[in-house]
J.: 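Take this structure first; my questions come after.
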Amino acid sequence: MQATPARLRTDSACFEADFQARLHWSADTDAAIEQRVADILADVRQRGDVALLETTARFDGLDVPNMAALELTQAELRAAFDAIPAAQREALQAAAARVRRYHEAQKKASGESWSYRDEDGSLLGQKVTPLDRVGIYVPGGKAAYPSSVLMNAIPAHVAGVGEIIMVVPTPRGEKNALVLAAAYVAGVTRAFTIGGAQAVAALAYGTQTVPKVDKITGPGNAYVASAKKHVFGTVGIDMIAGPSEILVLADGSTPPDWVAMDLFSQAEHDEMAQSILLCPDAAYLDAVQAAIDRLLPEMPRAEIIAKSLTGRGALIQTRSMEEACDISNRIAPEHLEVSSHEPHRWEPLLRHAGAIFLGAYTSESLGDYCAGPNHVLPTSGTARFSSPLGVYDFQKRSSLIEVSAQGAQALGRIASVIAHGEGLQAHARAAEMRLTTP
């Protein structure tokens with residue numbers, strides 16, 4: 001089995017066309033999926049628990065008599081935590097502590113209410129309050145992701161969200177103990193073994209058993225992504241995630257095996273994941289390709305890695321590290337590793353990335369699991385205008401305005417003029433009534 005990422009050179013006449021072809025990925029959802037999702041959403045909205053039980057039986061092969069059989073109790077979550085090996089318990093708790101510490105710092109930096117009084121004595125400010133109830137979707141089909149539980153639930157908990165409702169599919173009733181244990185560690189309020197578009201519908205609209213939430217976060221398959229798009233507006237959502245991505249900027253100082261394995265770490269997610277290496281040193285690119293060839297047969301998910309690297313991967317020789325930074329900004333990757341002996345020289349040139357990993361020892365996998373920052377990141381170039389999941393995604397802001405009698409005299413005249421100009425006389429009159437002198 002071979003993995004042959006495309007080999008590109010920025011000084012080639014055909015580079016731009018080859019580069020764009022390698023980056024291309026369509027986020028369009030299959031029309032049949034869209035229609036099926038719309039039908040599921042409408043069914044759950046109309047019939048609630050009955051529809052949830054039927055769709056869970058149909059798609060997950062889990063035929064149960066009532067919704068009580070699909071809800072995980074706090075005792076069951078605690079039992080799962082107690083039952084997993086001590087090393088896993090300690091790892092979950094250590095990762096959760098670091099994730100919580102990071103998000104608590106984030107809250108202090110940007111999540112507090114504030115106000116001031118102007119020269120007229122009027123109070124102006126902003127009140128920050130948490131959402132009442134959020135839903136987190138945790139994948140549970142081909143793989144289980146306890147880390148996603150931590151990354152979604154902990155910032156919500158830090159933000160002060162009152163209730164955190166987790167949904168996770170358990171095909172054929174197979175529950176992952178590490179996911180349940182992570183829910184216990186992260187402080188999930190209620191958990192249900194449902195998944196797919198029907199779980200998104202239940203969270204968005206509420207059923208007789210599943211409470212309606214204010215926002216839904218967490219990754220899922222094409223059906224989940226489509227459902228989140230459909231319910232946006234009824235509830236908030238975090239993002240529509242595309243395939244996972246890693247971009248490595250290398251100056252040739254990092255062992256090639258390390259970089260090859262970092263490329264594997266994203267490629268092993270699925271065949272559509274993208275792994276790209278940018279480096280000005282052709283000999284180093286050769287060394288990384290040799291490491292790929294040597295290490296690939298050792299990987300349990302070698303077939304997926306090979307398809308990902310061959311179909312969407314690239315080793316790109318640039319003219320300089322500066323040019324590599326320019327190309328990185330064009331890609332706006334989800335994960336960006338600066339694998340250099342002087343990463344802080346290049347970091348100021350990097351404007352667009354979900355997360356930036358500085359230095360050879362900072363593998364993307366450490367950020368995925370336990371460094372502290374959130375691993376729910378913008379994909380498909382959306383890092384140009386969006387940010388990682390954080391405390392701010394579980395808060396909302398209300399403007400505070402308290403106008404003094406003195407302030408109403410100045411503001412009232414301004415508002416009156418503008419309101420009359422817009423033809424909104426009631427607006428103008430409301431302001432004018434508060435003037436002590438016409």
Side-chain angles (χ1 to χ4, degrees), residues 99-137 150-166 186-189 200 203-206 211-219 228-241 332 351-355 372-379 382-404 407-408 410-412 414-415 418-419 422 424 427 430-431 434:
V99 174
R100 183 173 297 278
R101 180 180 179 186
Y102 177 87
H103 288 88
E104 285 174 345
Q106 185 182 73
K107 181 182 178 183
K108 290 178 182 177
S110 61
E112 303 296 335
S113 301
W114 56 266
S115 65
Y116 66 90
R117 289 193 181 273
D118 65 17
E119 60 276 7
D120 293 324
S122 297
L123 180 142
L124 305 169
Q126 181 172 268
K127 180 179 181 179
V128 178
T129 54
L131 305 184
D132 290 339
R133 185 187 292 131
V134 300
I136 64 170
Y137 189 99
L150 302 183
M151 296 295 178
N152 282 270
I154 289 177
H157 203 269
V158 170
V161 172
E163 292 182 73
I164 302 170
I165 313 300
M166 183 179 85
V188 167
T189 311
V200 174
L203 293 172
Y205 306 130
K212 172 180 166 55
V213 303
D214 301 310
K215 190 168 189 173
I216 301 172
T217 69
K228 287 170 70 176
K229 284 192 290 185
H230 276 278
V231 301
F232 176 65
T234 299
V235 294
I237 62 172
D238 51 352
M239 62 186 76
I240 304 298
R351 300 190 308 280
H352 309 306
N374 210 288
H375 80 192
V376 181
L377 303 168
T379 62
T382 59
R384 292 176 294 109
F385 54 80
S386 55
S387 308
L389 190 72
V391 169
Y392 36 73
D393 287 295
F394 300 101
Q395 296 173 321
K396 52 189 174 58
R397 291 150 185 80
S398 303
S399 297
L400 293 176
I401 308 167
E402 180 189 12
V403 178
S404 66
L411 297 181
I414 296 170
I418 297 174
E422 292 185 349
L424 298 175
H427 278 67
R434 288 159 173 82

J.: Closest approach of Ile136 and Ala153, non-hydrogen atoms and distance?
T.: CD1-CB, 3.9 Å
J.: Without swapping roles, check the side chain of Gln106 against the backbone of Val391 for a donor-acceptor pair under 3.5 Å.
T.: yes
J.: Are the side chains of Lys228 and Tyr137 in touch, meaning some heavy atoms are under 4.5 Å apart?
T.: no
J.: Kindly compute the distance separating OG (Ser386) from CG (Leu377), expressed to the nearest 0.5 Å.
T.: 9.5 Å
J.: Can you name the closest pair of heavy atoms from Leu131 and Lys396 and give their distance?
T.: CD2-CD, 4.0 Å
J.: Gly111 and Val128: which non-hydrogen atoms are nearest, and at how many Å?
T.: O-CG1, 3.4 Å
J.: At what distance, to the nearest 0.5 angstrom, does CD of Glu163 lie from NE2 of His157?
T.: 11.5 Å
J.: If we only count heavy atoms from C-beta on, is the Tyr392 to Ser387 side-chain gap below 4.5 Å?
T.: yes
J.: Ignoring hydrogens and geometry, is there a side-chain-to-backbone donor-acceptor pair from Asp214 to Asp132 under 3.5 Å?
T.: yes
J.: Which value, rounded to the nearest 0.5 Å, describes the distance between Ser122 atom OG and Ile401 atom CD1?
T.: 10.0 Å
J.: Would you compute the distance between atom CD of Glu402 and atom OG of Ser115 and round it to the nearest 0.5 angstrom?
T.: 9.5 Å
J.: Measure across Ala186 and Ile154 and return the closest heavy-atom pair with its distance rounded to 0.1 Å.
T.: CB-CG1, 4.0 Å
J.: I'd like to check Met166 versus Ile164 (side-chain heavy atoms, cut-off strictly below 4.5 Å). Are they in contact?
T.: no
J.: Answer yes or no: does atom CZ of Arg397 have more than 12 heavy-atom neighbours from other residues, nucleotides or ligands under 6.0 Å?
T.: yes
J.: Please examine the side chains of Val200 and Val231, heavy atoms only from C-beta on, and report whether any two atoms are closer than 4.5 Å.
T.: yes
J.: Does His352, at its NE2 atom, have more than 12 non-hydrogen atoms belonging to other residues, nucleotides or ligands within less than 6.0 Å?
T.: yes
J.: Where do Ala159 and Lys107 come nearest, in terms of heavy atoms and distance?
T.: O-NZ, 4.2 Å
J.: Measuring only between side-chain heavy atoms, which start at C-beta, is Phe394 closer than 4.5 Å to Pro130?
T.: no
J.: With side-chain contact (heavy atoms from CB on, under 4.5 Å) as the test, would you mind laying out the steps for Ile240 and Lys229 before giving the verdict?
T.: CA-CA 7 Å; Ile240 304 298; Lys229 284 192 290 185; 3.4 Å; yes
J.: Provide the closest heavy-atom pair for Ala332 versus Ala383 in the form atom of the first, atom of the second, distance.
T.: O-CB, 3.7 Å
J.: What is the distance from atom OG of Ser398 to atom CD of Gln126, rounded to the nearest 0.5 Å?
T.: 8.5 Å
J.: Would you mind reporting whether Thr217 and Ile237 have side-chain heavy atoms less than 4.5 Å apart?
T.: no
J.: Hey, does Val235 have a side-chain heavy atom less than 4.5 Å from the side chain of Lys215?
T.: no
J.: Per the side chain to side chain contact (heavy atoms under 4.5 Å, CB included) rule, which among Val134, Ile216, Asp393, Val376 passes with Asp238?
T.: Val376
J.: Could you grab the distance from atom OG of Ser404 to atom CG of Asp118, nearest 0.5 Å is fine?
T.: 6.5 Å
J.: Would a distance-only check, ignoring hydrogens and angles, find a side-chain to backbone donor-acceptor pair under 3.5 Å from Lys212 to Leu203?
T.: no
J.: Please walk me through it: do Tyr116 and Leu123 pass side-chain contact (heavy atoms from CB on, under 4.5 Å)?
T.: CA-CA 6 Å; Tyr116 66 90; Leu123 180 142; over 6 Å; no
J.: Is any side-chain heavy atom of Val99 less than 4.5 Å from a side-chain heavy atom of Met151?
T.: yes
J.: Would you say Arg117 has more than 12 foreign heavy atoms packed within less than 6.0 Å of its CZ?
T.: yes
